[in-house]
Amino acid sequence: MSPKPENAPSEQNYPMRLQKFLARSGVASRRRSEELISAGRVEVNGEVRTDLGCKVDPNADEVRVDGRAVSLFDGCAYIMLNKPAGYITTMSDPHGRPCVAELVPVERFPGLYPLGRLDQDTTGLLLFTTDGDMGPALLHPAHHVDKTYRVKVKGRLRERDLTPLRAGGMRLPEGYVCAPAKVSIDELGEGWSRASITIHEGRKRQVKLMFGGIGHPVLELHRDVFGPLQLGDLPQGQWRELTEDELAALRDLTGLL
Ligand code: URA
């Protein structure tokens, strides 16, 4: 069995439902795990189990998905990375481009996956976990997880330029209508400006599209806040496990863990 992450939750409710076991092992979200079970892709002790009431004891039972053995952590790993520019948010890339998997401890915590994504050129706070329930819960729009970005944009921002962002209603190319954002101007330079923006949505390239939409294309983008988590002084390219307090804050937000 893999080593227990230092700050993993300590509850031990064994036996546990098979779908919970799969989610906790990082196979998939609980709902997706139910689909895998119903589809007959999950074996317990060599027997295909399609009943969602099936319970397993992680210490005694052998679970396989599509023939691959799945092991349970005694708890899950939760990690934040200060992502450098140049890495794509994926755990493997068929084209061999640098990806964030190279920067996090995948051997120590198999099943680690990123929660949400940052563009290749975006830096800052990216959360990873092995907990299959955590992604859907944190990324669900109903949970309104605030994300704060520091941006450097082209041109001199004026307060009135920000009105469409603050008011909400900006329509992105795919038709999505943005909620009101919190925005402030931090610094004005020669032909550029720095600003901070907080949004609770997470549409693809949303911040770039929002500033591009007011005529100030983004030159640099950095995320330093994700819900209750702050990047602080974590050096670029480094990761660390979340603290107990940070986990408790995530627990409050999602009702999970
Ligand atoms: N918004 C963007 O445009 N890019 C990111 O990487 C994150 C948010």
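When a ligand or atom number is given, it counts from 1 through the structure's own listing order. In this text the structure is predicted, and so the values were computed from the model without any measurement. In this chain, numbering begins with 1 at the start of the sequence shown.
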Anything under 3.5 Å between an N or O on ligand 1 and a protein N or O? List each pair with its distance, or write none.
residue	atom	partner	partner atom	Å
ligand 1	1 (N)	Val207	N	3.2
ligand 1	3 (O)	Arg205	O	3.2
ligand 1	3 (O)	Gln206	N	3.4
ligand 1	3 (O)	Val207	N	3.3
ligand 1	3 (O)	Lys208	N	3.0
ligand 1	4 (N)	Asp119	OD2	2.8
ligand 1	6 (O)	Asp119	N	2.8
ligand 1	6 (O)	Asp119	OD2	3.4
ligand 1	6 (O)	Thr122	OG1	2.8

Worksheet entry | Worked check of side-chain contact (heavy atoms from CB on, under 4.5 Å) between Val225 and Thr198 | CA-CA 9 Å; Val225 178; Thr198 301; over 6 Å; no
For residues 94-106, please give each side-chain donor-acceptor pair under 3.5 Å, one per line with the distance, not counting sequence neighbours.
residue	atom	partner	partner atom	Å
Arg97	NE	Asp93	OD2	3.0
Arg97	NH2	Asp93	OD1	3.1
Glu102	OE2	Cys99	N	3.1

Per-pair distances, 0.1 Å, donor-acceptor, side chain in residues 211-222, under 3.5 Å, sequence neighbours excluded:
residue	atom	partner	partner atom	Å
His216	ND1	Lys154	O	2.7
His216	NE2	Asp161	OD2	3.3
His222	ND1	Thr123	OG1	2.7

What side-chain donor-acceptor pairs closer than 3.5 Å can you find for residues 175-192, not counting sequence neighbours?
residue	atom	partner	partner atom	Å
Tyr176	OH	Glu201	OE2	2.4
Asp186	OD2	Ser196	N	3.4
Asp186	OD2	Ser196	OG	2.6

Fill in: Closest non-hydrogen atom pair between Arg150 and Asp224, with its separation
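Of all heavy-atom pairs spanning Arg150 and Asp224, the closest is NE-OD2, 2.8 Å.
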Discussion item. When you compare the side chain of Val70 with that of Arg64, does any pair of heavy atoms fall below 4.5 Å?
Written reply: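 Side-chain contact under 4.5 Å: no.
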